[in-house]
Q: 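Here it is, the structure, as structure tokens.
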2 protein chains.
Amino acid sequence: MAKKEDDARTRLQGAALELFRERGYDRTTTAEIAARAGVTERTFFRYFPDKREVLFDGQVILRTALTGSIAQAPSGLGPLDVLFQAFRSLQPALEANRSYARPRQDVIAATPALQERELAKIAALTHALTLALKARGVSDLRAVLAADVCMAAFVWATLSWLDDPKVGLGDRLDAAFRELKGLLAENG
Amino acid sequence: MAKKEDDARTRLQGAALELFRERGYDRTTTAEIAARAGVTERTFFRYFPDKREVLFDGQVILRTALTGSIAQAPSGLGPLDVLFQAFRSLQPALEANRSYARPRQDVIAATPALQERELAKIAALTHALTLALKARGVSDLRAVLAADVCMAAFVWATLSWLDDPKVGLGDRLDAAFRELKGLLAENG
DNA sequence: CCTCGTTTGTCAGTAACTGACAAGTAGGAG
DNA sequence: CTCCTACTTGTCAGTTACTGACAAACGAGG
């Protein structure tokens, strides 16, 4: 059983987000997070390798979902469309997660150290996409460029949707990928 | 006069790169860097806000060069071509800098903490490119996508050229941007 | 009840980073 | 040459992120 473990981990994440929202990331110590979660500072570092990591946990799920989608995509599709479809398949999960993702993103936006970590996570995800494309026979350079630009479109869509949900996430994704193809087409 | 200042700063950068190559980033303390540069640890932190930053200094020069190029580009050009031209104008400076950039890149590649910082610097540069494009009347979304994909092409070209200079930087840049434009053609 | 594996607490230590203040050092005004 | 000023550096004390080692609690199973 990993019952207690999951409890403590979840409590730590909740306590961290609360405190970061109340006092800001820099004015919150790991000891305070641990105290609010009812454990000691040492236990915090047993669950998370560093203070930043407490806000970055869903990346593994995202990665497996995306790479799975890519592997299963019909073989006739070009890399851009493969990735677009993979990102669209995330839509329901993201929408269900919005109430957590929104305040979390506010904290990240206010904290350079967390922005750095987020960029690293995005880069790791992009790298996984690149590998998944190469496994489909896409050339190295092309895989890199396709993964990078699609990730940029996805990030833009997600952030603008978190900022203002009046336009749905699906529409944002469509708009971003339409713009992407327009960019490459008109520029010749 | 900022004579002593520049001396100390330069010495610190040199000492840091040396030590990182000898022992690795993690096994090098800021006190050791300072000692090799002939100053105290406190002085290190007067010149650099944190330990990582000692390896990231040329970003301002890069940014001004790129944004300047973009602002001066002929108005008929599309965003991709504007950025391509801007990056090509960096070629001589980059080639002159290779003997420093090469070992530096090795250290970064071996150190996750430095990779994070580099991603943050690249993201900041990309943001500056986005603003420069918007100043030319490019729409927000299109500017974001164009800046991001061109930066990806540039980074790919630079890294692969640092890794193996048998193919020149100019050729790498050409190849990356050619591939970029080919992305859509086959992708439908 | 005992035992074993897992989780947690305790403690001591390292290293990044900061603020406050003192000391040196160069350059210009008199 | 001397004093004054501005800038750079050293010193010191302190906070906080993070780690290793060891002991204690605690729940499951024999």
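Below, all heavy atoms of this structure are taken into account, side chains as well, without hydrogens, waters or symmetry copies. Below, read A as the first sequence line, B as the second, and so on, with proteins coming before strands; counting in each chain starts at 1.
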Q: In whole angstroms, how far is the P atom of dC17(C) from the CD1 atom of Ile33(B)?
A: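 Taking CD1 of Ile33(B) and P of dC17(C), I get 10 Å after rounding.
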Q: Within the distance-only criterion (no hydrogens, no angle test), does the side chain of Arg98(B) pair as donor or acceptor with the backbone N or O of Leu162(B) below 3.5 angstrom?
A: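 Indeed, once roles are kept as given, a pair shorter than 3.5 Å links the two residues.
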Q: In terms of the nearest nucleotide of DNA chain C, which residue is placed more toward the 5' end: Thr28(B) or Gly38(A)?
A: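 Nearer the 5' end of the strand: Gly38(A).
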Q: Of Phe44(A) and Val39(B), whose nearest nucleotide on DNA chain D comes first from the 5' end?
A: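 Result of the comparison: Val39(B).
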Q: Is the phosphate of dT8(D), meaning OP1 or OP2, less than 4.0 Å from a side-chain N or O of Tyr47(B)?
A: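 For Tyr47(B), the contact criterion (side-chain N or O under 4.0 Å from OP1 or OP2 of dT8(D)) is not met.
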Q: Of Thr29(A) and Arg42(A), whose nearest nucleotide on DNA chain D comes first from the 5' end?
A: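 Between the two, 5'-proximity favours Thr29(A).
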Q: Between Thr43(B) and dT8(D), is there a side-chain N or O to OP1/OP2 distance below 4.0 Å?
A: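 No.
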Q: Tell me the interatomic distance from Arg117(B), atom CZ, to dA16(C), atom P, rounded to whole angstroms.
A: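 Answer to the nearest Å: 14 Å.
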Q: More than 12 heavy atoms of other residues, nucleotides or ligands under 6.0 Å from CD1 of Ile61(A): yes or no?
A: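 Check fails, neighbour count at 12 or below.
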Q: Specify whether Phe87(B) and Phe154(B) have parallel, tilted or perpendicular ring planes, treating 30° as the upper limit for parallel and 60° as the lower limit for perpendicular.
A: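 Correct class here is parallel.
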Q: If only side-chain N and O atoms of Thr40(B) are considered, is one of them under 4.0 Å from the OP1 or OP2 phosphate oxygen of dT9(D)?
A: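 Negative; the distance criterion is not met.
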Q: Same cluster for Leu129(B) and Leu119(B) if Ile/Leu/Val/Met/Phe/Trp/Tyr side chains link at under 4.5 Å?
A: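 No.
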